[in-house]
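Taking it in order: structure first as structure tokens, then the write-up.
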Amino acid sequence: MAEDIKNVPIEKIRNIGISAHIDSGKTTLSERILFYTGKVHEIHEVKGKDGVGATMDSMDLEREKGITIQSAATYCVWKDYNINLIDTPGHVDFTIEVERALRVLDGAVLVLCSVSGVQSQSITVDRQMKRYKVPRLCFVNKMDRAGANPFRGMGQLREKLRHNAVLVMYPIGAEDQFKGVVDLVQMKAFYFDGDNGENVREEAIPADIKGECDKYREELISAASEFDDAVAEKYLSGEEITVDELRKAIRKGTLSLGITPVFVGSAYKNKGVQLLLDGVTYYLPNPTEKENIALDQRNAEAEVVLKSDSKLPFVGLAFKLEDGRYGQLTYMRIYQGSLNKGDFIVNSTNEKRVKVPRIVRMHSNQMNDVESAKAGDIVALFGVECSSGDTFTDGTIKYSMTSMFVPEAVISLSVQPKDKSGDTNFSKALNRFTKEDPTFRVHRDDESNQTIISGMGELHLEIYCERMKREYNCEVIVGKPQVAYRETIQNKGTFNYTHKKQTGGSGQFARVAGFIEPLPSDSVATYEFVDDISGGVIPRNFIPAVDKGFKEAVKEGRLIGFPIVGVRCLINDGAYHAVDSSEMAFKTAALMAFREGYANAQPVVLEPIMKLEVTAPEEFQGSVMGQVNQRRGVIINSGTQDGYCVIEAEVPLSDMFGYSTDLRSATQGKGEFSMEFAKYSAAPRNVQDELVKKYQEKKAKEQAEK
């Protein structure tokens with residue numbers, strides 16, 4: 001199989017990801033793709049009775065829970081096309097896995113459930129695709145389910161996600177009557193026979209749906225004609241448009257993000273997957289059709305467009321790390337040039353030169369060795385130490401590529417090994433997990449001497465604690481969850497602080513004056529320093545020390561000890577002493593000046609607000625809404641669909657612990673919810689007072705113990 005791949009021209013390579021809301025059928029779809037491309041010889045289900053589990057869910061925890069935790073890479077061949085495929089998690093707690101996959105992929109398949117349509121995580125995934133300008137197809141899955149309605153999903157794609165969604169497949173029947181699909185480009189019906197739908201049968205379109213198919217084909221041609229002049233001319237003059245002309249126009253629209261072609265099917269019932277694979281080859285980009293930018297470090301970070309040419313100097317991006325059986329496994333996307341076993345490559349971040357001892361193509365957790373890889377390939381390397389997001393070159397150039405977006409952690413837990421003997425394995429596990437997952441953070445709390453882990457949600461941290469137990473034989477004691485609060489200011493606060501210390505010999509002297517003020521609400525920065533000193537009242541060489549002092553001050557707020565965000569610090573006056581002034585004196589003066597200004601600037605506590613989406617049977621709507629209100633939630637939207645109510649709300653994270661248990665008991669186990677970080681907002685006065693009181697009590701206790 002690897003040999004087939006080596007000889008494929010770059011125009012026949014597709015790097016695609018499969019992304020969706022949790023439980024939309026991504027992993028089931030990936031399994032069918034592997035089966036139809038001959039990569040696996042029997043189909044295993046996500047929660048199959050055979051206990052084997054889906055190929056792409058290789059971790060024991062994934063098979064037990066029936067969810068994808070880590071993105072898994074594989075490759076396959078479909079009709080002379082080489083497809084590199086990444087199956088990504090749907091759960092928001094593992095959002096970094098989707099983020100890093102989309103950073104390196106050229107195209108994607110957005111999977112929607114035909115019953116639920118566009119859900120909260122579909123919106124998040126779509127936002128990530130837009131961030132990296134990834135062209136996508138949409139596959140409306142689960143057409144065999146009761147309540148299946150692909151047209152509703154298509155409407156939501158247009159309304160909620162602002163896509164120019166067009167049907168390229170029309171379903172023949174729905175629910176238990178779902179029989180096959182009509183390809184609106186070829187205007188032929190396709191049925192999927194055999195035990196696993198492997199025999200594709202072509203027929204004429206059934207008479208009862210011919211009129212509808214004509215209508216949707218007309219819509220498709222109209223949308224595609226916007227992107228191709230030849231098709232537009234024929235369309236306006238009423239001439240017949242050939243299949244190839246229409247495909248070319250749809251492809252142009254898809255690549256420019258102007259069209260989202262919509263396919264329908266049922267991965268579980270083995271219907272429609274082969275036509276989706278055809279769609280991937282017809283409409284998604286090859287590596288040469290996606291613009292990739294690098295920054296030239298030797299030329300003031302000037303932008304350089306990388307070319308998918310194997311003869312140019314090598315450029316690759318390490319986008320994911322894994323601790324494998326034989327050491328660190330580094331997943332790399334090659335953007336330019338080629339890479340051979342035994343080559344030396346240079347890490348642009350630290351300029352270290354490393355040898356590539358082994359190159360493999362990944363098939364979930366199995367490895368297939370290859371001698372070389374070229375532009376457009378996604379491979380994994382052994383023996384290359386680096387961090388996630390590092391750029392590698394052949395050393396003749398010094399380029400770096402922008403890394404992926406890493407969201408802030410919203411929840412923390414204190415953890416410690418149950419037995420002292422587990423200390424070494426505990427450290428090993430934490431080192432490995434922080435290296436592999438940029439959203440998993442670890443720090444030591446100096447005051448309580450505890451190890452604090454932070455992440456994207458309760459499930460995220462729970463999975464890592466479970467992995468420590470299974471993979472490192474280290475059981476951990478977990479403390480109470482901590483919410484990542486922040487502090488900020490509401491008004492301008494002036495300061496004028498003089499730092500004076502006289503001991504034997506030279507003393508310390510520095511005066512700093514100015515003000516702190518809130519940054520604009522749309523500012524991306526959390527801290528800004530403005531130097532407005534004139535006339536040399538503070539010498540230039542002491543200005544960086546003032547900035548350092550302010551940076552030190554914002555690390556820990558005076559209200560509840562959490563970081564301060566959204567402040568601009570401006571200095572416009574000061575004084576120095578020819579002998580007693582030093583960097584240390586100005587740093588200390590700035591730190592104390594900030595505290596003085598902070599007290600005058602009406603500081604407030606900010607709490608993380610989560611976007612919550614709850615789905616439950618209609619009869620429980622009242623109790624679900626009541627629960628959300630009890631937790632200080634604000635209901636933004638609610639509606640009903642096929643006997644289920646869908647409630648969207650914004651709720652403070654601090655009130656969401658234990659919610660899954662409460663929701664289950666209120667809905668007889670039928671309620672489901674998903675939650676993701678939305679924004680920070682000021683905590684109500686009573687909540688703030690309670691937090692401040694607890695913080696002061698903790699401080700007083702620590703003082704007494706000293």
Side-chain angles (χ1 to χ4, degrees), residues 349 387 403 405-410 412 434 438-439 441-447 452 454 482 484-501 508-534 536-576 580-606 608 680 695 699:
T349 312
S387 300
S403 190
F405 169 78
V406 179
E408 282 296 314
V410 292
S412 304
T434 46
T439 57
R441 282 108 165 169
V442 179
H443 75 275
R444 187 127 187 103
D445 186 341
D446 297 330
E447 288 169 358
I452 309 291
S454 310
Q482 249 194 347
Y485 291 104
R486 293 287 179 266
E487 297 184 26
T488 192
I489 53 172
Q490 291 175 301
N491 289 335
K492 187 172 170 178
T494 56
F495 55 79
N496 185 350
Y497 186 84
T498 306
H499 174 62
K500 239 187 220 172
K501 224 178 190 183
Q508 287 186 23
F509 178 85
R511 182 170 81 84
V512 177
F515 59 84
I516 61 173
E517 63 181 356
L519 280 170
S521 56
D522 58 353
S523 171
V524 181
T526 56
Y527 161 82
E528 221 175 77
F529 173 63
V530 180
D531 167 18
D532 205 9
I533 293 290
S534 54
V537 289
I538 298 176
R540 304 280 1 123
N541 56 322
F542 292 137
I543 300 291
V546 176
D547 186 17
K548 267 187 199 164
F550 288 146
K551 279 181 178 161
E552 193 70 33
V554 298
K555 282 182 186 170
E556 191 179 314
R558 307 296 285 164
L559 291 177
I560 58 169
F562 277 87
I564 299 165
V565 295
V567 286
R568 178 184 286 129
C569 304
L570 182 142
I571 50 167
N572 51 22
D573 198 8
Y576 75 104
D580 291 350
S581 285
S582 64
E583 277 196 20
M584 192 65 212
F586 271 101
K587 185 180 167 186
T588 309
L591 179 73
M592 302 311 288
F594 182 91
R595 289 178 180 174
E596 185 184 288
Y598 192 62
N600 301 330
Q602 261 193 300
V604 289
V605 172
L606 297 175
Y680 271 102
Y695 178 66
K699 280 292 206 196

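Worth knowing before you read on, the calculation uses all heavy atoms, side chains too, and leaves out hydrogens, waters and symmetry mates.
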Quiz item: What's the verdict on side-chain contact (heavy atoms from CB on, under 4.5 Å) for Ile452 and Val442, showing C-alpha distance, side-chain angles and the deciding distance?
Solution: CA-CA 6 Å; Ile452 309 291; Val442 179; over 6 Å; no

Quiz item: What residues, two or more places apart in sequence or in another chain, satisfy ring-ring contact (aromatic ring centres under 6.0 Å, His included) together with Phe515?
Solution: none

Practice problem: Mind checking side chain to side chain donor-acceptor pair (under 3.5 Å) for Thr434 and listing every partner two or more places apart, or none if nothing turns up? | Solution: none

Quiz item: Is any side-chain heavy atom of Val530 less than 4.5 Å from a side-chain heavy atom of Arg568?
Solution: yes

Quiz prompt | Pair Asp580-Lys501, salt bridge (Lys or Arg N to Asp or Glu O under 4.0 Å): steps then yes or no | solution = CA-CA 9 Å; Asp580 291 350; Lys501 224 178 190 183; over 6 Å; no

Exercise. Please identify each residue that fulfils ring-ring contact (aromatic ring centres under 6.0 Å, His included) with Phe562, with sequence neighbours left out.
Key: Tyr485

Quiz prompt | Phe594/Val554 under side-chain contact (heavy atoms from CB on, under 4.5 Å): CA gap, chis, key distance, verdict | solution = CA-CA 9 Å; Phe594 182 91; Val554 298; 3.7 Å; yes

Exercise. Go through the structure and list residues passing ring-ring contact (aromatic ring centres under 6.0 Å, His included) with Phe542, not counting sequence neighbours.
Key: Phe586

Practice problem: Nearest 0.5 Å please: distance from the CG atom of Leu591 over to the CD atom of Glu552. | Solution: 6.5 Å

Quiz item: Taking only residues two or more places apart in sequence, or in another chain, which ones meet Phe509 in a ring-ring contact (aromatic ring centres under 6.0 Å, His included)?
Solution: none

Quiz item: So do Ile516 and Tyr598 actually touch side chain to side chain, heavy atoms under 4.5 Å?
Solution: yes

Quiz item: Just how far is it from atom OG1 of Thr488 to atom CG of Leu519, taken to the nearest 0.5 Å?
Solution: 8.0 Å

Self-check item: Residues Arg511, His499; criterion side-chain contact (heavy atoms from CB on, under 4.5 Å); working and verdict
Solution: CA-CA 6 Å; Arg511 182 170 81 84; His499 174 62; over 6 Å; no

Quiz prompt | Check: Arg558 and Arg595 side chains under 4.5 Å, non-hydrogen atoms | solution = yes

Self-check item: Atom pair OG (Ser582) and CD (Gln508), whose distance is rounded to the nearest 0.5 Å
Solution: 5.5 Å

Practice problem: Indicate whether the side chain of Asn491 and that of Gln602 have a donor and an acceptor atom separated by less than 3.5 Å. | Solution: yes

Self-check item: Rounded distance (nearest 0.5 Å) linking atom CD1 of Ile564 with atom NZ of Lys551
Solution: 15.0 Å

Quiz item: What salt bridge (charged side-chain N to carboxylate O under 4.0 Å, His left out) pairs are there with at least one residue in residues 536-546, not counting sequence neighbours?
Solution: Asp531-Arg540

Practice problem: Take Val605 and Tyr680 through the side-chain contact (heavy atoms from CB on, under 4.5 Å) test and state the conclusion after the steps. | Solution: CA-CA 10 Å; Val605 172; Tyr680 271 102; over 6 Å; no

Self-check item: Exercise: identify the closest heavy-atom pair between Ala590 and Val546
Solution: CB-O, 3.3 Å

